[in-house]
Amino acid sequence: QVQLVESGGGLVQAGGSLRLSCAASGGTISSYNMAWFRQAPGKERQFIATISLGGARTSYGDSVKARFTISRDNAKNTAYLQMAYLEPEDTAVYYCAASIGGYLQTDPAGYLYWGQGTRVTVSS
């Protein structure tokens with residue numbers, strides 16, 4: 001029902017910042033918890049952050065705590081991931097996801113809708 005499209009990925013130097021966007025169509029994100037995951041080559045999809053319907057609650061993965069910030073603008077039907085102090089280990093394809101459940105889930109299996117991903121490459 002809802003389509004998600006990520007943007008904002010690219011090449012950035014270590015220590016730099018980048019903001020990813022997740023634009024939704026075909027439905028309003030106000031009905032969904034939103035989340036970001038990432039997947040590096042040869043690794044499992046990793047939980048990054050999630051945010052509740054109105055943005056009051058957030059949860060972050062340990063690997064990005066204090067460096068990344070998830071936010072949402074329901075009026076623009078868009079979620080964001082602000083990334084700072086990027087490291088080469090952050091290099092991955094970053095995916096936006098939407099959950100219709102009431103809990104802030106960290107398991108990819110808990111998310112119904114996914115974008116195609118945007119690639120982030122952090123150079124050393």
Side-chain angles (χ1 to χ4, degrees):
Q1 287 185 304
V2 63
Q3 294 81 48
L4 305 176
V5 179
E6 303 93 337
S7 62
L11 176 65
V12 63
Q13 295 182 17
S17 299
L18 203 62
R19 187 176 75 164
L20 307 183
S21 298
C22 174
S25 61
T28 174
I29 66 168
S30 64
S31 299
Y32 302 93
N33 296 330
M34 302 298 294
W36 289 92
F37 293 80
R38 70 186 183 190
Q39 189 163 22
K43 297 184 178 180
E44 295 183 348
R45 192 160 296 190
Q46 180 185 37
F47 168 72
I48 299 300
T50 185
I51 186 167
S52 60
L53 302 186
R57 306 193 314 279
T58 59
S59 181
Y60 294 90
D62 291 341
S63 64
V64 302
K65 184 177 179 292
R67 297 192 300 121
F68 292 9
T69 302
I70 188 170
S71 62
R72 64 192 299 158
D73 188 337
N74 288 346
K76 295 182 178 179
N77 223 24
T78 303
Y80 304 93
L81 183 69
Q82 180 69 52
M83 306 185 294
Y85 301 102
L86 285 163
E87 306 167 354
E89 292 74 20
D90 295 318
T91 295
V93 176
Y94 284 72
Y95 297 91
C96 177
S99 171
I100 60 175
Y103 295 94
L104 294 180
Q105 303 179 56
T106 61
D107 189 343
Y111 289 84
L112 181 61
Y113 301 107
W114 292 83
Q116 293 298 307
T118 185
R119 184 173 297 174
V120 173
T121 302
V122 183
S123 64
S124 60

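When all heavy atoms of Lys43 and Gln39 are compared, the closest pair comes out as O-NE2, 3.1 Å. In terms of heavy atoms, Cys22 sits closest to Met34 at SG-CE, 4.1 Å. Residues Glu6 and Gly117 share a closest heavy-atom pair of OE1-N, 2.8 Å. Residues Tyr111 and Ala98 come closest through the heavy atom pair CD2-C, 3.5 Å. Between Pro88 and Ala14, the shortest heavy-atom contact is CD-CB, 4.1 Å. Taking every heavy atom of both residues into account, Thr58 and Tyr60 meet most closely at OG1-CE1, 3.6 Å.
A 6.0 Å sphere centred on CD of Glu87 holds more than 12 heavy atoms belonging to other residues, nucleotides or ligands. Counting non-hydrogen atoms of other residues, nucleotides and ligands closer than 6.0 Å to CD1 of Ile100 gives a total of 12 or fewer.
Atom-to-atom distance recorded for Ser59:OG and Ile51:CD1 is 11.0 Å, nearest 0.5 angstrom. The structure places CG of Asp90 at 9.0 Å from CD of Gln46, a figure rounded to the nearest 0.5 Å. Note that the CD1 atom of Ile70 and the CD atom of Gln82 stand 12.0 Å from one another [nearest 0.5 Å]. Within the model, atoms CG of Leu11 and CZ of Arg119 stand 12.0 Å from one another, a figure rounded to the nearest 0.5 Å.
For the pair Leu104 and Ser52, the minimum side-chain heavy-atom distance is below 4.5 Å. Using a 4.5 Å cut-off on side-chain heavy atoms (C-beta onward), Val120 and Arg38 make no contact. For the pair Asn33/Leu53, a side-chain contact is recorded, criterion being any heavy-atom separation below 4.5 Å from C-beta on. Annotation: side chain of Phe68 is not in contact with side chain of Trp36 (no heavy-atom distance under 4.5 Å). A heavy-atom distance below 4.5 Å is not found between the side chains of Thr78 and Ile29. Counting heavy atoms from C-beta outward, Phe47 and Asp107 have side chains that stay 4.5 Å or more apart.
In terms of modelled atom types and a separation under 3.5 Å, the side chain of Arg67 and the main chain of Tyr85 share a donor-acceptor contact. With hydrogens and angles ignored, the 3.5 Å screen pairs a side-chain donor or acceptor of Asn77 with a backbone N or O of Gly27. In this structure, Thr91 contributes its side chain and Val122 its backbone to a donor-acceptor pair below 3.5 Å.
Residues Val64 and Val12 share a single hydrophobic cluster, defined by chaining ILVMFWY side chains whose heavy atoms lie under 4.5 Å apart. Criterion: ILVMFWY side-chain heavy atoms under 4.5 Å apart, direct or through other members. Under it, Val2 and Leu81 are part of a common hydrophobic cluster. Transitive grouping of hydrophobic side chains (ILVMFWY, heavy atoms separated by less than 4.5 Å) keeps Tyr95 and Leu20 in distinct clusters. Taken together through direct or relayed side-chain contacts under 4.5 Å among Ile, Leu, Val, Met, Phe, Trp and Tyr, Trp114 and Val5 form parts of separate hydrophobic clusters. Side-chain heavy atoms closer than 4.5 Å link hydrophobic residues (I, L, V, M, F, W, Y) into clusters, and following such links, possibly through other members, connects Met83 to Ile48.
Residues forming a side-chain hydrogen bond (donor to acceptor under 3.5 Å, both in side chains) with Tyr80 (at least two apart in sequence, or on another chain): none.
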